[in-house]
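The block underneath contains the structure these notes are about, expressed in structure tokens.
From a predicted model like this one, the values you see are computed outputs, not experimental measurements. Excluded from the calculations below are hydrogen atoms, water molecules and symmetry mates; all remaining heavy atoms, backbone and side chain alike, are included. Every chain is numbered from 1 and lettered A, B, ... according to where its sequence line falls, protein lines coming before strand lines.
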Number of protein chains: 2
Amino acid sequence: MTRRATAQDVADLAGVSRSAVSLVLNGRADGNISRAKQEAVREAALQLHYTPNAVALSLRSKRTETIGVLTWPDHRHMPLSLLGAIYEAASSAGYLLMMVDALQRPWQVDALLDRRVDGFVVVAPELVDFPLPETVTAVPTVMVNCLDPSLGASSLVPDEVGAGASAAQHLLAAGHHRLGVLAGTAGLASERRVQGVVRAVESAGLPPPVVLRAGHKIEDGHAAARRLLESEQVPSALVCTHERLALGALLAVADLGLRVPEDLSLVSLDDGEDLAGRLVPAIDLVERPDRVIATHALDLLVEQLRQGHSAVRRLTFVCPVRQGASVAPPRLRALHAG
Amino acid sequence: MTRRATAQDVADLAGVSRSAVSLVLNGRADGNISRAKQEAVREAALQLHYTPNAVALSLRSKRTETIGVLTWPDHRHMPLSLLGAIYEAASSAGYLLMMVDALQRPWQVDALLDRRVDGFVVVAPELVDFPLPETVTAVPTVMVNCLDPSLGASSLVPDEVGAGASAAQHLLAAGHHRLGVLAGTAGLASERRVQGVVRAVESAGLPPPVVLRAGHKIEDGHAAARRLLESEQVPSALVCTHERLALGALLAVADLGLRVPEDLSLVSLDDGEDLAGRLVPAIDLVERPDRVIATHALDLLVEQLRQGHSAVRRLTFVCPVRQGASVAPPRLRALHAG
DNA sequence: CTGAAAGCGCTTACAG
DNA sequence: CTGAAAGCGCTTACAG
């Protein structure tokens, strides 16, 4: 663990002043430093494996090229899909990330501020209200998959209502008339997704779908689907607001000796778990465009970083349908009559 | 975005020198600063919301209280279970994390070094060889779930062979004699887990298990399980080396109109996906003790941070069996005869 | 063309 | 008991 070389070390080895080193290495040696000395500096830097101390750089420039990521893990996992997309977008923009759980460890948000992160990306695993402290909104900040009720920062969120509607329309287009919905018990995401389904069904002039507030776990989906399939009015197709619910439903269908999609069609909304779309059969998915959202989020943040504050906006992103193998036309006879 | 207060601002407001501010706020004012001035400093600091600039602090102290996390995502997801455990352990020790994908973005490892992280935690989603560059091993480093072939740093890894053996013994204890194994196609983890199963079966004096190199995806598990269940010599129980394989197997069993555990018992090893143990039925799991490993890893790292380098060690952790509902005694008659 | 100085924001010896 | 100075490692005006 030997001490790393400083600009002074390079200067000494090259026989020039510290400032010369800085000028050469930052490409501002043009008419300032003689060719020979430039060479000497470069060689010395190479030989000593010199790279500038970023801490010293930051103290001077007041920029750390680091973005704080504030997560709000909620009752569920923090899927890596969204974080991964943010990481990639940030990397492309030249930033490193420091991630912190703002719900469980709020003091670390202050630690990030003390460390002078250039800005914040606030992110939640599923759409949620996330009240930002003023200390955060004082710095360039964008919110992904969450909303500050007091509009302290711009938000980029999926069109959850539209996603629910797309799921329903996808099933209606396949000929289904009796839809069921398996939804989470809480959260903005569940609410809006259900709302979208209900609206689409109503718009089609059909009777409202049966909505079961199941929960968020696989077993919740299993229990709810089972209940539905053993009820009087069995739907011919199910919308699941979360991937794990869809998996639970799939297992329940199998338990009853039935099949997807022959006996029941299934569509799931995407939580970024990379699960539902990989099942057998692959569940038809209304995808959350994580990469697109993350890319735009970082564009917006970088813009703020460059030109100081900008207007607070709320951007909504369309969720496309991805075909799987879990949707087929409904059977003609009612299931429970079979 | 107003400028944050500095020690000088506090000093001015309190009518003392900059050094006095430092002494008071760091609890070394004892016999040095008068009571009255101490009060004034504290009050001024409060009023200005002063907290020291961590960048300046770091430049001086040569410590950043930040740990670099190097991930090696392999062909699969990076489960948050292990990262979450590392984050929690690091937080408890007072460190913040900067995470970087060392495989895809090796230059960010240098960026971390430039930023003077105090040390590194290197982590992989599943056991893998991870050759560390010398620039990394020059700094305090611990490896979690991975091994540096050239022993540049201490490693903390699950006992994969033992885990495989435990899975097998768990099934043998339930009375199974004909085991099958669904394994990944590549990777140290798959290899060792399979090896553990084989050894345990041999130790019991039974014929070797059928081992299928399936892959790592749900559909891989599905296809392999299906093949096995339709073969001549159907095993009565399956060990899956990965959670997603177990899920695939479960779906395949259902496809054939069979049941777990009545027709086939299932045990899975744990990848930290929090998936297999939550299925319906819950799969019996040989757990990877992520929290324990992460806690020990940070203890070891902090120790290195305190006393400079220490001996390179390789620590192995036992994987306990967690009961689910996927194991039952074998049926008396052979499946394919039914 | 080149070097000495100032300053980013801290803390810690060191004089008074 | 208190203030001025040095120094962490950098870059950027500013004199020569």
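Here the C1' atom of nucleotide C:dC10 and the CG atom of B:L48 are 16 Å apart, to the nearest Å. Per the geometry, CD1 belonging to B:I33 stands 8 Å off P belonging to D:dG3, to the nearest Å. For the pair A:L57 CG and C:dG9 C1', the computed distance is 15 Å after rounding to whole Å. What separates CZ of B:R28 from P of D:dT2 is a distance of 15 Å, to the nearest Å. Atom-to-atom, CG of B:L25 to C1' of C:dG9 comes out at 14 Å; the value is rounded to the nearest Å. Straight-line distance from the CG atom of A:N53 to the P atom of C:dG9: 17 Å, rounded to whole Å. Atom CD in A:Q8 sits roughly 11 Å away from atom C1' in D:dC10 (whole-Å rounding).
Position along DNA chain D of the nearest nucleotide to A:V21 versus B:A20 favours B:A20 as the more 5'-ward residue. With DNA chain C read from its 5' end, the first of the two nearest nucleotides for B:L23 and B:V55 is the one closest to B:V55. Between B:K62 and B:S17, it is B:S17 whose nearest contact on DNA chain D lies nearer the 5' terminus.
Listed candidates were C:dC10, C:dT2, C:dT11. Nearest to the side chain of B:S22 is C:dT11. Distance from the side chain of A:R60 is smallest to C:dG7 among C:dT12, C:dG7, C:dC10.
For the pair B:D270 (side chain) and B:G272 (backbone), a donor-acceptor distance under 3.5 Å is present. Checking side-chain atoms of A:D159 against main-chain N and O of A:V318 turns up no donor-acceptor pair under 3.5 Å.
At least one side-chain nitrogen or oxygen of B:N26 sits closer than 4.0 Å to the OP1 or OP2 atom of C:dT11.
B:R18 comes within 4.0 angstrom of a nucleotide base, judged by non-hydrogen atoms across all strands. B:L59 comes within contact range of at least one nucleobase, with a heavy-atom separation under 4.0 Å. Using a 4.0 Å heavy-atom cutoff across all strands shown, A:S19 reaches at least one base atom of the nucleic acid.
Tested against B:R4, the residues B:N53, B:D9, B:T51 include a single side chain to side chain donor-acceptor pair (under 3.5 Å) partner, B:T51.
With respect to the salt-bridge test (charged N to carboxylate O, under 4.0 angstrom), the residues A:R63 and A:E65 qualify. The pair B:E88-B:R291 meets the salt-bridge criterion, since a charged nitrogen lies less than 4.0 angstrom from a carboxylate oxygen.
Nucleotides C:dG7 and D:dA4 are separated by 16 Å at their P atoms, to the nearest Å.
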